[in-house]
2 protein chains.
Amino acid sequence: MNPYQISPALSGERFQVHYRLTGNEAETREKARDICLEQTVEFPDDLVPDGDIRDQIVGRIESLEPSGEGRFDAVISYLVESAGAELTQFLNVVFGNISIKPGIRVERLELPPGWLRHFKGPRFGREKLREWLAVPDRPLLCTALKPMGLSARDLANYAYQFALGGIDMIKDDHGLADQPFAPFRERVERCAEAVTRANRETGRRCVYMPNVTASADQVLEKALFAKNAGAGALLVAPGLVGFDTMRQLADDDRIGLPIMSHPTLQGSFVTSPDNGISHFVLFGQLARLAGADATIFPSWGGRFAFSRDECRSIAEGVEMPMEHIRSIYCAPGGGMTLQRIPEMLDVYGNDVIFLVGGGLHRHSPDLVENSRYFLQLVSQFAPS
Amino acid sequence: MNPYQISPALSGERFQVHYRLTGNEAETREKARDICLEQTVEFPDDLVPDGDIRDQIVGRIESLEPSGEGRFDAVISYLVESAGAELTQFLNVVFGNISIKPGIRVERLELPPGWLRHFKGPRFGREKLREWLAVPDRPLLCTALKPMGLSARDLANYAYQFALGGIDMIKDDHGLADQPFAPFRERVERCAEAVTRANRETGRRCVYMPNVTASADQVLEKALFAKNAGAGALLVAPGLVGFDTMRQLADDDRIGLPIMSHPTLQGSFVTSPDNGISHFVLFGQLARLAGADATIFPSWGGRFAFSRDECRSIAEGVEMPMEHIRSIYCAPGGGMTLQRIPEMLDVYGNDVIFLVGGGLHRHSPDLVENSRYFLQLVSQFAPS
């Protein structure tokens, strides 16, 4: 039988995935070979047709190097056509079935221009988000409306106070969805109005950022509703709705709002050093590819378990060169307090969004005053 | 200040989540308390308003019992209103932010009728899927069209042979999306036609099951296209598109096809015994809640790492009582061979879908013959 030839002609272009594999050299080489098959043809090696399928579709081990005690780093390349032009299928090739196999972790993606052209990436990115908020240089300030259970009216009242005090972005807590105590539409209308009212008083451009994470058939509709109600940005949780839904929101010209990505339900990808997806890829590269302008994650030292190095790697992932895909903001949060701002500026630099939730209720009973204090604290550390 | 009262009145109804927590009793009690706050109000305990929010919205520890060396099982209940009527927000409450904290695993869900009424569950379930396929009693047979790289014409030719040989369900390999070598629409039309043609010859009701996992704005459209082209079921990967997108496909009366759930990218939830989501919940309870009629997972002893007990727990999860939510099929696969059928029948029973992919190309070069052999093998073990 003749070797199998794929029609139409293949580009030959490949993207690379860096995997961390556990085991000795022989074991990890075997594991890398298995990944090459599992993530593409999903077929026993001896049954793979000779020709284009074996030579191009099957993943290719580009390198295998020791990377510490009992670990090797494998670089495996895949033909760009294996992922089509879809983020869903891209994730499927990068870490689909092998997510179910032990001792494999995605460390880094290297994506060629020919494939990246399928994606617009973040609509705003760093520079345009600064313009949107009219904050030219200092770190950006974000807080969350909470706790769950408050009425839309109460939440709007909080939003007004935060905006008056100088917060730049006021998001729904990610647990605010469409519950009876603060239904989505009423909440969005009230909070957007409250922030607009405060902006008229302050002359600032604070945005209200509702959570549009919702049933699959509601996300787009809710985002459009939010836009029309005067929301200035959107919060979405790709772990709940899928990365590509975030991409869809970012790409839709009818919406045209900055997007902040929330990490809820994504934790299992990063809880093990030997499995899953690295912080760098998950909260950095993938968040950007899927159109987030800012990526929320729990900073070290708060009530979550990320290390300083893991946070630093996200800070690298949000700004490493990725062709036309814009650099975005880290939005470290998760129990950070006002006192921790200096050390965080040291790691994240000036292009950062500080996310303080409960902590902002702590300084005094006056939320306007607390917000002003937060702004003042950040401003004094910002470059002059 | 008066205690905070939520308006409208709350139902008081609660759903329960069983968590496995690592640590000693004091540590796990502290962890359980933290979960109660983190998954609801996301607010420091001393700042939570007294009244309905503290008494009802905050999660409640119902029990904490030792469950083995260094582990405790905590049952935590949440007010049903905290999840609204959305699967996305439900997942957020069950395992959203705490997915980012170490040593917490979701073991089991207990869902009251008042909340389950928001969900239709599987459209078919076991009994109706048997009717759909006209196979009254024996285990069902499924295979996958592969390898990636074949043309739509080649894949359709395979589909024809499998259908002729007696396979009940012929799915796209989950790596077939919308690539240039076998574009979705051409593939679906050709494969559906091939299976229909074979059915005319055999008198059977074999279904072609295309993979509609796709960009967020394409899933529904592709499902409708597939339905109109004559597909008899759909394959979807909730790890890639989100659980609720599968629910949407199941609920849509314009589609009305059986749905099979694929586990790709979901592995990180189940790789650790101390983190993530149990096999029972992820591949059993959640798959049903999200409308799958069959749940694919890698059976023990194949090329993946699930244990026999883990597989058995999925077999329990797909049929445990959940009010009106129908029981569904396990579809064990992942490198299973024809020889392993007897021991699998022993664990999964007769209401099972055997998924053989590459292995079906192994017995002989004749795919019709191999399919007949598979059918014969299964039939001889089925109850008379």
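Small disclaimer: the values here were computed from a predicted structure and weren't measured. Residue numbering restarts at 1 for every chain, and letters A, B, ... go by the order of the sequence lines.
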So for [X], is it side chain, backbone, both, or neither that comes closer than 4.5 Å to the heavy atoms of chain A?
| X | value |
| --- | --- |
| D251(B) | neither |
| F297(B) | neither |
| Q56(B) | neither |
| H262(B) | side chain |
| V241(B) | both |
| I104(B) | neither |
| D46(B) | side chain |

Measuring from atom [atom1] of [X] to atom [atom2] of [Y], what distance do you get when rounded to the nearest 0.5 angstrom?
| X | Y | atom1 | atom2 | value |
| --- | --- | --- | --- | --- |
| S82(A) | L176(B) | OG | CG | 11.5 Å |
| I57(B) | F181(A) | CD1 | CZ | 4.0 Å |
| S99(B) | L265(A) | OG | CG | 5.5 Å |
| N92(B) | M148(A) | CG | CE | 7.0 Å |
| I100(A) | T264(B) | CD1 | OG1 | 6.5 Å |

The interface call for Q248(A) against chain B, heavy-atom contacts under 4.5 Å, is side chain
Honestly, the part of P298(A) sitting under 4.5 Å from a heavy atom of chain B is side chain
Check your understanding: Mind checking whether F269(B) and F269(A) have parallel, tilted or perpendicular rings, split at 30° and 60°?
Key -> tilted
Is there side-chain contact between [X] and [Y], with at least one heavy-atom pair below 4.5 Å?
| X | Y | result |
| --- | --- | --- |
| R247(A) | S215(B) | yes |
| D173(B) | F43(A) | no |
| E86(A) | T213(B) | no |

What residue in [options] has the most heavy-atom pairs under 4.5 Å with chain B?
| options | value |
| --- | --- |
| Q266(A), Q179(A), K101(A), H174(A) | H174(A) |
| T245(A), D178(A), T40(A) | T40(A) |
| N211(A), D154(A), D252(A), V58(A) | D154(A) |
| P147(A), G242(A), S272(A) | P147(A) |
| T88(A), V41(A), I53(A), N97(A) | N97(A) |
| P183(A), A214(A), P102(A) | A214(A) |

Using a 4.5 angstrom heavy-atom cutoff, name the option from [options] with the most pairs to chain A.
| options | result |
| --- | --- |
| V270(B), L150(B), V93(B), D52(B) | L150(B) |
| L91(B), T271(B), D217(B) | D217(B) |
| P180(B), A305(B), G359(B) | P180(B) |

message = Tell me if the CD atom of Q5(B) is crowded by more than 12 foreign heavy atoms within 6.0 Å.
response = no
> Between E42(B) and K171(A), is there a salt bridge with N-O shorter than 4.0 Å?
Replying inline: no
Nearest heavy-atom contact between F95(B) and S268(A) is CE2-OG, 3.4 Å
